[in-house]
Amino acid sequence: MAFLDEALLDDPAHLASCDSRETVRALATAGAQVREAISLFEDAAVHRLTRGDRPRAVVVASLGGSAVVADVLGMLAEPGSPVPVTVRRNVPLPGWVGPLDLVVAVSLSGRARGPLAVAAEAARRGASLLTVGAADSPLAAISARARGVHVDVGRGRTSSRTSLWSLLTPVLLGANALHLIDVPPSALRQAADRLDEEAEACRPSSESFVNPAKLLALGLADTVPVVLGDGPLSGVAAARAAAMLARTARVPATHGELPDAASQIVATFDGPFTAGGGQGVDARGTADIFADPFLDGPSMPRLSLLMLRDAPVDPTSPEEADLFALTDAVLATADDAGVRVHTVVAEPGPPIARIAGQMARVDFAATYLAIGSGLDPAHSRHLHQLRDQIR
């Protein structure tokens, strides 16, 4: 079981030596990414997206670190989009995609096989094309040959996990221009401000006892995390959180969304990772200070619940009231079972600003969890070994 040394999180020398690609600094540029992406979108001749009729349907291709782009667009489009928005992680494209449809392909490097294959097939079928990725990349070339719109992600972007907003912003602006979602540039600028606030609060020089991301990392250390969103918006943030905990902090995490996931999540509270589930844990699930790891064996990691709660939107809505009551009930049940509980509550604002704050908080926490455990958040030896084997 990994041990997180709190002192390491406040040690500038350790932070610098362990974070080889300055992941913390890259995450702190999220607000700047939004503002730069708005400018790059406006420079990309995007009027060609809206000069014809609205597309019959939209297909979004993104995977890996950029998969959340499609998830966010789908979540925002679902309540009111006049056309269906679907997600593809790889080829083949649905058989119905043709000249009346729009295909969006996202890849930071512009070289990921899935988005490249989807974009090439879309071009062959005569579909409209919006691509987001590096300039002078194969993805940009496909878009140019198909007379599509390509939006550059700017320079200095090396990881899709830390460049999310360079990828997401142009896609949201394109969907807004087509009247599929209501996310104008003003809402994205509010999201940028929210991201700047999180970066300031979670900066490396902010000590652990006041830094919300470091505190969350310390709380998640030595646990098996379950991330739960209290609705569609927080559900997407929960999926991103689980991916960041796994890829960045090397912590296996599962995620779900209320109300559907309530039963399967609460059922785990009876399992071996909660109260009485392992040596060195008392009836409340609290570590036993008298436990001897040599005589009793190593203690089993505890289950932790990371609850992502959206800000209230319409307190008079019966559906929102029911979801609020269910969330409180899940939290109370977790507490009774001895599950370690952490909550991240979104600040009020437009949906894109609310989800921006939630994702940023957990992004920083996952990075600090890796660094505090002595891991480089940007480098996985086994992942590189896997890539070498399948190359």
Side-chain angles (χ1 to χ4, degrees), residues 1-2 63-64 67-68 70-72 74-76 78-79 86-87 89 216-217 219-278 281 283-286 299-313 317-346 351 354-355 358-359 361-363 365-366 369:
M1 183 168 59
L63 74 165
V68 70
D71 296 336
V72 173
M75 178 270 298
L76 293 172
E78 185 175 8
T86 61
V87 177
R89 302 303 188 198
L216 181 55
L220 295 175
D222 304 334
T223 71
V224 178
V226 175
V227 191
L228 194 56
D230 70 346
L233 185 144
S234 293
V236 172
R240 163 74 174 187
M244 286 294 288
L245 286 167
R247 179 64 180 84
T248 302
R250 311 333 184 246
V251 174
T254 186
H255 66 90
E257 175 188 321
L258 294 177
D260 289 350
S263 297
Q264 68 189 48
I265 296 301
V266 170
T268 66
F269 299 168
D270 298 328
F273 298 108
T274 54
V281 178
R284 284 281 304 163
T286 306
S299 61
M300 182 176 291
R302 288 179 54 197
L303 189 72
S304 65
L305 174 63
L306 173 56
M307 178 67 78
L308 304 183
R309 303 195 72 165
D310 196 5
V313 177
S317 165
E319 293 80 7
E320 188 168 322
D322 289 345
L323 195 57
F324 188 89
L326 175 61
T327 304
D328 282 346
V330 170
L331 292 173
T333 305
D335 185 64
D336 289 341
V339 175
R340 191 182 297 178
V341 176
H342 309 278
T343 305
V344 176
V345 181
R354 303 201 306 269
I355 196 172
Q358 285 191 327
M359 291 196 296
R361 177 71 57 82
V362 183
D363 285 355
L369 181 54

### Distance, nearest 0.5 Å, that separates CE of Met307 from OG1 of Thr343
7.0 Å
### Task
Determine whether Val266 and Phe269 make a side-chain contact, defined as any pair of heavy atoms from C-beta on separated by less than 4.5 Å.
yes
### Task
Please round to the nearest 0.5 Å and tell me the distance separating atom CG of Leu326 and atom CG of Leu258.
5.0 Å
### Query
Side chain of Thr274, backbone of Gly271: donor and acceptor closer than 3.5 Å?
yes
### Task
For Arg309 and Leu331, run side-chain contact (heavy atoms from CB on, under 4.5 Å): C-alpha distance rounded to whole Å, both residues' side-chain angles, the deciding distance at 0.1 Å, then the answer.
CA-CA 11 Å; Arg309 303 195 72 165; Leu331 292 173; 3.7 Å; yes
### Message
Exactly one of Val362, Leu220, Leu245 should register a side chain to side chain contact (heavy atoms under 4.5 Å, CB included) with Val227. Which one does?
### Response
Leu245
### Message
Between Pro259 and Leu323, is there a side-chain heavy-atom distance shorter than 4.5 Å?
### Response
yes
## Note on the structure
Output for pair (Thr254 OG1, Leu303 CG), nearest 0.5 Å, gives 10.0 Å
### Query
Which atom names give the shortest non-hydrogen contact between Ala365 and Ala217, and what distance separates them?
O-CB, 3.5 Å
### Query
Would a 4.5 Å heavy-atom cut-off, applied to side chains only, mark Asp230 and Glu320 as touching?
no
### Task
Side-chain contact test, heavy atoms from C-beta onward, threshold under 4.5 Å: evaluate it for Val330 versus Leu305 and give yes or no.
yes
### Summary
Nearest heavy-atom contact between Asp310 and Arg354 is OD1-NE, 2.7 Å
#### Entry: Considering all heavy atoms, the nearest Ala237-Gln358 contact
CB-OE1, 3.6 Å
### Task
For residues Pro252 and Val224, report the shortest heavy-atom separation together with the two atoms involved.
O-CG1, 4.3 Å
### Passing option when Arg240 is tested against Leu308, Val72, Val68 for side chain to side chain contact (heavy atoms under 4.5 Å, CB included)
Val68
## Note on the structure
Note: His255 and Ala242 closest approach over all heavy atoms is CD2-CB, 3.8 Å
#### Entry: Separation of Leu306 CG from Arg340 CZ (nearest 0.5 Å)
12.5 Å
### Message
Can you tell me how far apart CE (Met75) and CD (Glu257) are? Round to the nearest 0.5 Å.
### Response
9.5 Å
### Query
How close do Gly256 and Ala261 get, heavy atom to heavy atom, and via which atoms?
CA-CB, 3.8 Å
